[in-house]
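Just so it is clear: chains get the letters A, B, ... in the order the sequence lines come, proteins before strands, and each one is counted from 1.
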Amino acid sequence: MDILADLNPAQREAVEAIEGPVLILAGPGSGKTRVITHRVAYLVRVVGVNPRRIMAVTFTNKAAREMEARLNQLVSSSVKDLTLGTFHAICARILRIEGRAIDINPQYVIYDDDDQISLLKRCLQELNLDPNQYAPRSIQSAITAAKSRMLTPADYLQHSRSYFEEVVQRVYEHYQKLLTDSSALDFDDLLMKTVQLFRQNPDILERYQSRYLHIQVDEFQDTNLVQYEMMKQLAGKHRNICVVGDPDQSIYSWRSADLRNILNFEKDYPDAKVVLLEQNYRSTQKILEAASHVISTNQQRKKKKLWTENEAGSPPAVIETYTEMEEAQFVVSEIDKLVSRGEVNPGDCAVMYRTNAQSRALEEAFIRYGMPYKLVAGTRFYERREVKDIIAYLRLVQNPYDSVSLLRIINVPARGIGQRSLDELIQWARSQDVPEYRGLQLLAGYKKGDPDLPFSPRTVKTLSGFAVMMEELIANSREMSILGLFDAVVKSSGYRHYLSGLVDGDDRWENILELRGVAQEYRDFPPGEGLSAFLEAVALVSDVDDLEEKVETVTLITLHQAKGLEFPVVFIVGMEDGILPHFRSIDDPEQLEEERRLCYVGITRARKRVYLVRAFRRRFMGSSTVNQPSRFLKDIPPELLSEGASWDGEDRQLEAPATTWSHEGESTYDAPELRPGDHVSHAQFGEGIVVSCQPVKNDAEVVVAFDGAGVKRLLLSFAKLEKM
DNA sequence: CGAAAGGCTCTTTTT
DNA sequence: GAGCCTTTCG
């Protein structure tokens, strides 16, 4: 196979430019993914570079996996030796190996967003600060911003100017101490500490610099300053650094992504070769044109001329509905129409939205009409309570000093350790100047009736009971596979029994089994290693990671998550001022431009058809609001859009009346054949039992408790339920 | 101590 | 409307 075949001249240039710094500016749909994979393949197969000496940084784990899969096809030799992954994953691995040099415990755990917040709350408490006055969230984002600029608490002291910043400084300092005490790193630490490691240990840096002959960074527009710094360090020796990005698709500035990286690149590497990929292979002309009008309204941007040889195609449609329910209905019925016309498959369609909350109305409509869908990250799996609990147990086994995990599960399931016992434990541990977990171990050493018991015999007993359990798990973990350990944790903790007492216990148990399935992938690792690999993987997953490339159902996804994907048909819902652009961004011109880029990203995901949908009125935080059409709609000249902008809910509707579910009685419909207690089966949700069956207008609304999928409300005529 | 109920606040996007 | 925190009662 010729690696350079099927590439246009610009793409070929980008692949062949392997010497020195390269900046590839790639518009949407310009074959960027092809270029970066072919580039690596070219290095290995044509130039003969050892894969061990190549680093390729991707934005998500999923992108890394896809790249690996494609490389396996392009390159016969193993690409296993490549360093391939997100910045965070790569840093996590480096720190696991080299961290000791800067006093990082190799058994360190990674704190996610949630863990950060709970730790920050504890900081506020210990510093006697009112969390109502200093929202943990805003402190967190201040700390994240500081870490992205590589400011330590001491550095931050120089920078703090307002009173709020002084508070942040104090919290930051304490927060960092608690992290260290817990042998924990947060997401930002992974990056910042790696840069520190390299700065303070030139010998280690030298090793890595020498090793990586070629470095490639994707989605460069979404990197922050620490990432840039690290990249610069690593490329310091060979200078074969290739970055790929598109400033118009920069949508992560809130996560400290900094467009200056692209500008700085040309400054730091004046000899950089710049390659522009401007031919779009994805979208129709009309879609591309509409997208270009939206993005060209931005003031702060480098002009770029995208073009395509694709057909003109049908014009993007702007649709107005009355409420968010109708908006969702329109989407479902339009997809149904396109599918029944044989134009598309459901899997070709994606519905995109600005905020996760918007998925709800959509989901309801899809469920009601029995149309299967795939929601990217519902209540994100790894954020579910039961999943986090089990992970906390496992983290504690790996690193008993992880205080966030300890405090999370010491009384889950309830084992008689209330707030008072906890306070006593913490106080006492502090008085003995030992970490909480060490305190527990010491308590377990006391005998019954010992006159020196630090607190009541009952409290000592429950606390040391917990300590004994953990000690056993830790001891076992040295011989057990991760899977054995997983089961031991579930068993010893009594978690299953605990769940069985909860109303939604079965669902939660299912989640635990799913998590066990993830652990299974690490079953063959040696004891310890399996645990640590598993924990690292679950800490760094993202929601899009488990989105299969080929799906057969409609995809529901946020605009941010949609970056890098493409679909024949795209619906962008919530095209309203306040939603897109989001009201939090409207006042700030820079943030407004980012919202516009987000809209641009959404439109350019589409190959054939785009629908821009808005609702006149929508429920928002409980109350109902009236929204103006998104200002971005005005950026598109009307002649580029299709006519018939208003959807009245009549002509294109499915047979079911729009209002079916809000009424009871007034039935002209024969009593349905389903009764509570009947066993039924559904194409998507599997088997279940009918809870109730309510006649509505010309149909019936059935509530079914499914074995796996939980309780759903369905319209009889659409759900295609089969009685068993 | 723990379950349950009531009251509060805040809602963006995520490695 | 939900999640989180506090209060209350058994």
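Rounded to an integer number of Å, the gap from D113(A) CG to dT11(B) C1' is 14 Å. As rounded to whole Å, 5 Å separates atom C1' of dT12(B) from atom CZ of R354(A). Between I251(A) atom CD1 and dT14(B) atom P the separation is 9 Å, expressed in whole Å. If you take OH of Y134(A) and P of dC10(B), they are 14 Å apart, rounded to a whole angstrom. We find that NZ of K563(A) is positioned 10 Å from P of dT15(B), with the value rounded to whole Å. Note: CZ (F620(A)) to C1' (dT12(B)) measures 9 Å, nearest angstrom. Straight-line distance from the CD atom of Q140(A) to the C1' atom of dT13(B): 13 Å, rounded to whole Å. One can place CZ of F59(A) at 10 Å from P of dT14(B), the figure rounded to the nearest angstrom.
In this structure, the ring of Y172(A) has its center no less than 6.0 angstrom from the ring center of Y175(A).
Here the side chain of F187(A) is nearest to one of dC1(B), dT15(B), dT12(B), namely dT15(B). Closest contact between the side chain of K121(A) and the listed nucleotides dC5(C), dT13(B), dT15(B) involves dC5(C). Nearest nucleotide to the side chain of W254(A), out of dG2(B), dT13(B), dT12(B): dT13(B). Minimum atom distance to the side chain of N356(A) is reached by dT14(B), of the listed dT12(B), dT15(B), dT14(B). Checked against dC4(C), dC1(B), dT12(B), the side chain of R458(A) finds its nearest nucleotide in dC1(B). Distance from the side chain of R255(A) is smallest to dT15(B) among dG1(C), dG2(B), dT15(B). If you check dT13(B), dG2(B), dC1(B) against the side chain of R420(A), the one that comes closest is dC1(B). Nearest nucleotide to the side chain of Q561(A), out of dT14(B), dG2(B), dC1(B): dT14(B). You'll find that the side chain of A414(A) is closest to dA3(B), out of dT15(B), dA3(B), dT12(B).
A residue-by-residue look at Y252(A) and N132(A) shows that N132(A) has its nearest nucleotide of DNA chain B further toward the 5' end.
Here the shortest heavy-atom pairing between I572(A) and G602(A) reads CD1-C, 3.6 Å. Of all the heavy atoms in A392(A) and I409(A), the pair that sits closest is CB-CG2, 3.9 Å.
Counting non-hydrogen atoms under 4.0 angstrom, R597(A) reaches nothing in the nucleic acid. Heavy atoms of N411(A) sit under 4.0 angstrom from primed sugar atoms or phosphate atoms, though from no base atom. Residue F583(A) is classed as having no contact, given no heavy-atom separation below 4.0 Å to the nucleic acid. At a threshold of 4.0 angstrom between heavy atoms, the contacts of R137(A) with the nucleic acid are absent.
Under the 3.5 Å distance criterion, with hydrogens and angles disregarded, no donor-acceptor pair is assigned to the side chains of S141(A) and S138(A).
Taking the ring axis of F59(A) as reference, the NZ or CZ atom of K563(A) stays within 45° of it and closer than 6.0 Å to the ring centre. Annotation: cation-pi geometry satisfied between R96(A) and Y108(A) (NZ/CZ under 6.0 angstrom from ring centroid, within 45° of ring axis). A cation-pi arrangement is absent between R618(A) and F620(A) under the rule of less than 6.0 angstrom and at most 45 degrees off the ring axis.
For R360(A), a side-chain nitrogen or oxygen approaches OP1 or OP2 of dA2(C) to under 4.0 Å. Taking only side-chain nitrogens and oxygens, T60(A) never comes nearer than 4.0 Å to OP1 or OP2 of dT15(B). OP1 or OP2 of dT14(B) sits under 4.0 Å from a side-chain N or O of T558(A).
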Canonical and wobble pairing (Watson-Crick, G-U, under 3.5 Å) of DNA chain B, dot-bracket with |:
||||||||||.....
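Counting only residues at least two apart or on different chains, the side chain to side chain donor-acceptor pair (under 3.5 Å) pairs with a member in residues 420-429 of chain A are Q419(A)-D423(A).
dT13(B) and dC4(C) have their P atoms separated by 15 Å, given to the nearest Å.
Within 3.5 Å, no donor on the side chain of H582(A) pairs with an acceptor on the base of dT12(B), nor the reverse.
Screening R408(A), K121(A), R122(A), R395(A) for a salt bridge (Lys or Arg N to Asp or Glu O under 4.0 Å) involving D115(A) leaves a single residue, R395(A).
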